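These numbers come from a predicted model, not from an experiment. Each chain gets a letter, A, B and so on, in the order its sequence line appears, and its residues count up from 1.
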2 protein chains.
Amino acid sequence: MIRHPSFAVEPWCLLETSLELSHLAQTESVFALSNGHIGLRANLDEGEPYGLPGTYLAGLYEKWPLPYAEAGFGYPEAGQRIVNVTNGKIIRLLVEDEPFDVRYGQLLSHQRRLDLRAGTLQRTVRWVSPTGASVAVSSTRLVSFTQRAAAAVLFQVEPIEGEMQVVVQSELVANESLPPREEDPRAGTGSESSLRSELSEASDARGLLVHRAQRSGLRVGAGMSHEIDGPPRTDVSAHSSADLARVTIAANVSPGRPLRVLKLLAYGWSEERSIAAIRDQVEAALAGARHSGWGGLLTEQREYLDDFWEHADVEVDGDPELQLAVRFALFHILQAGARGEQRAIAAKGLTGSGYDGHAFWDTEVYVLPVLTYTAPRAAADALRWRHRTLQPARRRARELGLAGACFPWRTIAGQECSSYWPAGTAAFHVNAGVANAAARYMHAVDDDSFEREAGAELLVETARLWSSLGHFDSKRRFRIDGVTGPDEYSALADNNVYTNLMAQQNLLEAGAVLQRNPQLAGALAVDGAEIAGWLEAAESMLIPFDRRLRVHPQAEGFTEHQPWDFAGTASDQYPLMLHFPYFQLYRRQVVKQADLVLAMHLRGDAFTAEEKDRNFTYYEAITVRDSSLSACTQAVIAAEVGHLQLAYDYLSESALLDLEDLEHNTRDGLHIAALAGTWIGVVAGFGGMRDHDGSLSFRPRLPDALARLAFRFTYRGSRLTVEVAPSTATYTMREGEALEVLHYGEPVTLSCAQQIVCEIPPLAPRKPPRQPPGRQPQRRSIGA
Amino acid sequence: MIRHPSFAVEPWCLLETSLELSHLAQTESVFALSNGHIGLRANLDEGEPYGLPGTYLAGLYEKWPLPYAEAGFGYPEAGQRIVNVTNGKIIRLLVEDEPFDVRYGQLLSHQRRLDLRAGTLQRTVRWVSPTGASVAVSSTRLVSFTQRAAAAVLFQVEPIEGEMQVVVQSELVANESLPPREEDPRAGTGSESSLRSELSEASDARGLLVHRAQRSGLRVGAGMSHEIDGPPRTDVSAHSSADLARVTIAANVSPGRPLRVLKLLAYGWSEERSIAAIRDQVEAALAGARHSGWGGLLTEQREYLDDFWEHADVEVDGDPELQLAVRFALFHILQAGARGEQRAIAAKGLTGSGYDGHAFWDTEVYVLPVLTYTAPRAAADALRWRHRTLQPARRRARELGLAGACFPWRTIAGQECSSYWPAGTAAFHVNAGVANAAARYMHAVDDDSFEREAGAELLVETARLWSSLGHFDSKRRFRIDGVTGPDEYSALADNNVYTNLMAQQNLLEAGAVLQRNPQLAGALAVDGAEIAGWLEAAESMLIPFDRRLRVHPQAEGFTEHQPWDFAGTASDQYPLMLHFPYFQLYRRQVVKQADLVLAMHLRGDAFTAEEKDRNFTYYEAITVRDSSLSACTQAVIAAEVGHLQLAYDYLSESALLDLEDLEHNTRDGLHIAALAGTWIGVVAGFGGMRDHDGSLSFRPRLPDALARLAFRFTYRGSRLTVEVAPSTATYTMREGEALEVLHYGEPVTLSCAQQIVCEIPPLAPRKPPRQPPGRQPQRRSIGA
């Protein structure tokens, strides 16, 4: 898409210069606005045409019974799905009795601009109605980072020539009809809205609706108020019914005398609060937004983002498209997590209903590393959400016959919602992912209250889970059998290397946090014997290794399995899971996504350089990247083992996944983890940054195409910049206390006193590994 | 139940001497009549009370869409379930205006007798109505073995004293209401009838209904006609509506002047034939039954069964209950298969709707060995049914990316109906089971047309499946990875020993049949290279062995898995699958049912005596017998390795499974495979009969409790009797040509010329192995 003629590449804006209806659903995701609490898809102001209407609130879900033809003990009974809540984006326009609709009349121009520094979506349209009336319509939309319950749209209509009558209908609409459900399982189950009206009000230029999701019982309020600046004799009226609040504005406009409407929107939801309380909460948020006014909202938004970019920007010189894509990724990651405030960060953020709005393991493993170094408060909030769900996670562990807590494979509110247990329940590595993110946060951020209130308990409860899940075999090796690792083309294997290494770290970190804070051990009822048990399990962890091939099997026995018949697989048979049964995928050597390779990133300390090299080559040949979570990790390890062009190719794939709609499902929402993978690919790949055991190290190296890379991040309160040139790396501490890091294994002390410039050792050219036929990443070259 | 005071043990009859309403559903299964085509549960003539109304026709099913919350490629879309068809058993009785209902008034006596030689179910009742009228009611029911579309009931009512008016309503009732669906997954999904009426007729003493199952489109006709023998002025009328045909008979009866009604029933069904054709088919069957008359039907039935028992009886001296149970088992196996005629033999036969009326692998592996030696034509019919389903099985193989044919895990008509693939699709051993049964039949029965028309192709298509399912690893071992063996507490393992040994036999037998019949190779498009490939795979088959423990792991890695915590498992937590998630069961050393031990029976030639002994001890300690398919196999191997009391205990458990309702689900139908296991336990256990590679061998030995065992069977047309006493075995050929068998490894030539008496070598007493705590079989002692 970004290479489509209707897009222009700018360093700080995503700009669409014409409207392509065939890309509409995709652009609704790409241009979506969110603050982590409210999410507005970039549906056109006038409501139609649409790809997928979408207005979401983090954590607001409906329940549905999960069907099973053959039930089993411990199968989750209820699913959860994100609700398309009351749509407050709608501003319909009648021009001389003719509805403004881009499908009719003549569209003279149509431009949308997502401004990554302003935090706004601007739209400007010039349109001639079927009856010949020509108007200029513009809107600027924002979802406030500073006032989490509020959003706003500044809407303006002005004739291009002559005076004319216009009618603007600004609405709140509940229970919108949605497109029919997709066959693709990744699309989610198509949340049919089922909100029951509890209150509807409209008067003057204001309206408010309160609804309740019938099965989950969650109550949601949406309110709007308007500031109208129109010609004399502008009429305003209001109407409401169960699923509709409408403010109607009629005016005679002329060139230079436009009608300008500021629509302020507010949302609130609660499991427990009354109708009156929700109404007042929404009204209060509207009052706050009115108090700031449009100018105030814009200023706050800009300041919030200026601060973010000041501490988190990534500069990529030599590839303007990648530069934009990286900033686009950071912006959407921030949007997904900024104000989540103890709600889950979903796989699609709040940009679409894909995967039913569920959060998975990739939030902790892909998204939180980025937020930890760029917006640590958002990372803490997300981890505190996990902590808040300890109660259902403990219940789930008991139900499964395990100790500690077992976090769900997919969920909105904390309960397991996966109905296919071999790829759900059995993927216990999610728990190690939570622990990994918590430990990283505690190492990287000075936040004692987090460690005390949430972090230690997360580590302890997940360590208890591993301790009960594994067992010591006859040789006193600690085995974890019958579980599913990250690669979704394998399941129920013994001793998955990723899982075992992550569990090992989990056990060690849990021991370490209690040894650092002995008083917490008492509070969490952990005694010395329990800690000793964790450490013994960690030390005895079985990590299978194939001595013949000198590679790590992804899990025990993996390297003996039949190779996939790549030669007999046609290019239109990817993604494989849509064309082959699980049983064939699980039993063969074919990898959907980085699994052993991901272990080499997150637990790089557990592999020798030679193992990394051999393993990477082995798994490259059988990894098909049918998951958006793979390319970035392959970029990281490709860079580490010295295949820089390949790393660049993978990084570009991750960065352009949604902008180019490479998986053909951006319509359902953005791939937040792949966006996070873009940052990871840059920082951990070409920056070579690692944070094993809480110490920072760098092995930066650029691909030929890039002239310079600079990334900013925060570590233990220090503000750091790493700048990478072809043969040198420059480390700058902009703020903070002296810190020791490693540059290619050599200790370097960073401080505000001086920039440190280090040589990058030369790299001998090497033959890159091979991928399955047809599954090579597209070779990135700037001229293309 | 058989030990309940209301039962009496007779050698040839199952006799119930009083009616226990709490056992009603169970007795409906136990007393069910069937000829393999029509099945009538033993519902009371008057229709109510009932446990589960049931009238079934082999192969007649309804479809239903299988629901999935998360779908996957290749998941079956439609389920099949047996239909409770038009009930022709109903004969209601009004005694002086009062409905005959055992729940009201006073039941003076109630007796039911299933006569295993007559093939009838007799019922005699003496009842006093609430208003004081006393009557003797009797019925005799049969489902004809000789006229497969026909059944009959002779019904009689006679006052005990005084004259009184009685009204008999003899009916056909479609779409009966059924009890609500069970939670237990073994119960099946509770086939709500959904038959659409197409024709209903009644006149004189006759009635006929034609219905169609709405989704499957199958059409079923039921007809009745009556011969009425009553006092003068007996009135007869007829009525019909969509779901009802009724013949009403009113008479004044007195002692010595009873009303006697012979109800003849006939059924027909078809996928393709018209309403008129079905009607005529039913009418013709009725005409045939009328032509034979009641006396003729009884005589034919007796002759059919006399012939069966003459060639198949098993005598057990010393345990009258076991004697009855063994004959009961043989009778029901015959009922399940006698006239199936190329329809599936379901897990429950035609005795209930459990498991939705599906057939599984145990038909071939448990039931067909019995039928092969006792009623070979029924075995051939069942195998020809599999052959008839080759087309969907080939389609399924293609869908799964495999060659040859892949038979379904559960089905009625041949399509896969399992919605949980790890325990369905992945249990490929069903295919080797089909091949095993076909090969056994071809070795044991001189039936060239079967080999030519069905047997060879079954072997070839399943061999092709295995050939494509496995692969040669780096050491040229043939591996079969990621499949599920018989034990349902494991799944998706590599190199399951049972599966690999059975596949090995399958490949060898396929090669052998074509080498015997080179002309068939051409017809089946098999060339020498393909056969060579099968033989190489068979020779290279990987059979894992744990050198440390010196036992075979059930599958690779099994013996390294965590032991199940038996000490922490309460007795009410069995069956485990209703109290623990699959994931915990699959990853631990806990065995639901004989798997490796079953391999030691069916592929006993692949194990040394020491291996059998060590393996049996190992698996005894972890086998919980949550499946009815286990005890009989454990009996066989316990006897082989010399634990005769244990074998006797297991055999008794298998034999009494339904008679004692040991699994608490006999209400849903009998466990036909466990009934077959009773014969197997006797013949392969205490008879020590094996038929590896088509040669017969015996190692007979009795437990202390039994004084004598004699079993009759047919082998290649020869009629044989093996009689086992404590220290001798006597081999008698009653008819046929000389045959060499092995007695304890020594060749013995049998012929009609002389009985052969052989010594049974003495056995040193041995300590029996241990079972999981609380899961020991009940110790059998005759005095108990």
Side-chain angles (χ1 to χ4, degrees), chain A residues 64-76 79 183 185 189 399-402 417-426 469-475 477 479-483 491-494 548-549 556-557 559-563 565 576-584 586-588, chain B residues 64-76 79 183 185 189 399-402 417-426 469-475 477 479-483 491-494 548-549 556-557 559-563 565 576-584 586-588:
Chain A
W64 59 298
L66 290 171
Y68 302 100
E70 297 176 52
F73 178 86
Y75 284 14
E183 281 297 316
T189 52
E399 188 173 37
L400 298 174
L402 297 167
C417 295
S418 169
S419 69
Y420 175 55
W421 75 266
T425 300
L469 191 63
H471 75 285
F472 289 96
D473 69 9
S474 55
K475 298 175 189 153
R477 299 173 305 186
R479 297 174 60 94
I480 302 174
D481 291 336
V483 304
L492 306 189
D494 294 346
R548 186 178 57 84
L549 296 173
E556 253 183 319
T559 47
E560 293 291 354
H561 288 175
Q562 190 171 9
D565 177 17
L576 298 176
M577 80 268 191
L578 298 185
H579 301 91
F580 297 93
Y582 284 126
F583 109 85
Q584 282 289 21
Y586 288 177
R587 62 201 293 276
R588 296 202 175 191
Chain B
W64 60 298
L66 290 171
Y68 302 100
E70 298 175 51
F73 179 86
Y75 283 14
E183 281 297 316
T189 52
E399 188 173 36
L400 298 174
L402 297 167
C417 295
S418 170
S419 68
Y420 174 55
W421 75 266
T425 300
L469 191 62
H471 75 284
F472 290 95
D473 68 10
S474 55
K475 298 175 191 154
R477 299 174 305 186
R479 296 174 59 94
I480 302 174
D481 291 334
V483 304
L492 307 188
D494 294 347
R548 186 177 57 83
L549 297 173
E556 253 183 320
T559 46
E560 293 290 355
H561 288 176
Q562 190 170 9
D565 177 15
L576 298 176
M577 79 268 193
L578 299 185
H579 300 93
F580 297 93
Y582 285 126
F583 110 84
Q584 282 288 20
Y586 289 177
R587 62 202 292 277
R588 297 202 174 191

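Residues A:A69 and B:L66 come closest through the heavy atom pair CB-CD2, 3.6 Å. For the residue pair A:P581 and B:L400, the shortest heavy atom distance occurs at CG-CD2, 3.7 Å. Shortest non-hydrogen contact noted between A:T425 and B:F583 is CG2-CD2, 4.4 Å.
For B:E399, the part lying under 4.5 angstrom from a heavy atom of chain A is the backbone only. Of the atoms belonging to A:L469, heavy atoms from both backbone and side chain fall under 4.5 Å from chain B. Contact of A:S418 with chain B is made through backbone and side chain together, with heavy-atom distances under 4.5 Å. Interface residue B:Y75: only side-chain heavy atoms are found under 4.5 Å from chain A. Looking at B:E560, both its backbone and its side chain come within 4.5 Å of chain A, counting heavy atoms on both sides.
Looking at A:E70, its side chain does come within 3.5 Å of a backbone N or O of B:S419 through a donor-acceptor pair. Looking at A:R479, its side chain never comes within 3.5 Å of a backbone N or O of A:D473 through a donor-acceptor pair.
For the options B:P563, B:G557, B:S474, B:A491, heavy-atom pairs under 4.5 Å to chain A are most numerous at B:S474. When A:E556, A:K475, A:H579 are compared by the number of non-hydrogen pairs under 4.5 Å with chain B, A:H579 comes out ahead. Contacts with chain B were tallied for A:L492, A:D481, A:D565; A:D481 has the most, counting heavy-atom pairs under 4.5 Å. When A:Y586, A:W421, A:F472 are compared by the number of non-hydrogen pairs under 4.5 Å with chain B, A:W421 comes out ahead.
Less than 6.0 angstrom separates the ring centroid of B:Y582 from the ring centroid of B:Y420.
In this structure, a donor-acceptor pair under 3.5 Å is present between the side chains of B:D494 and A:H561.
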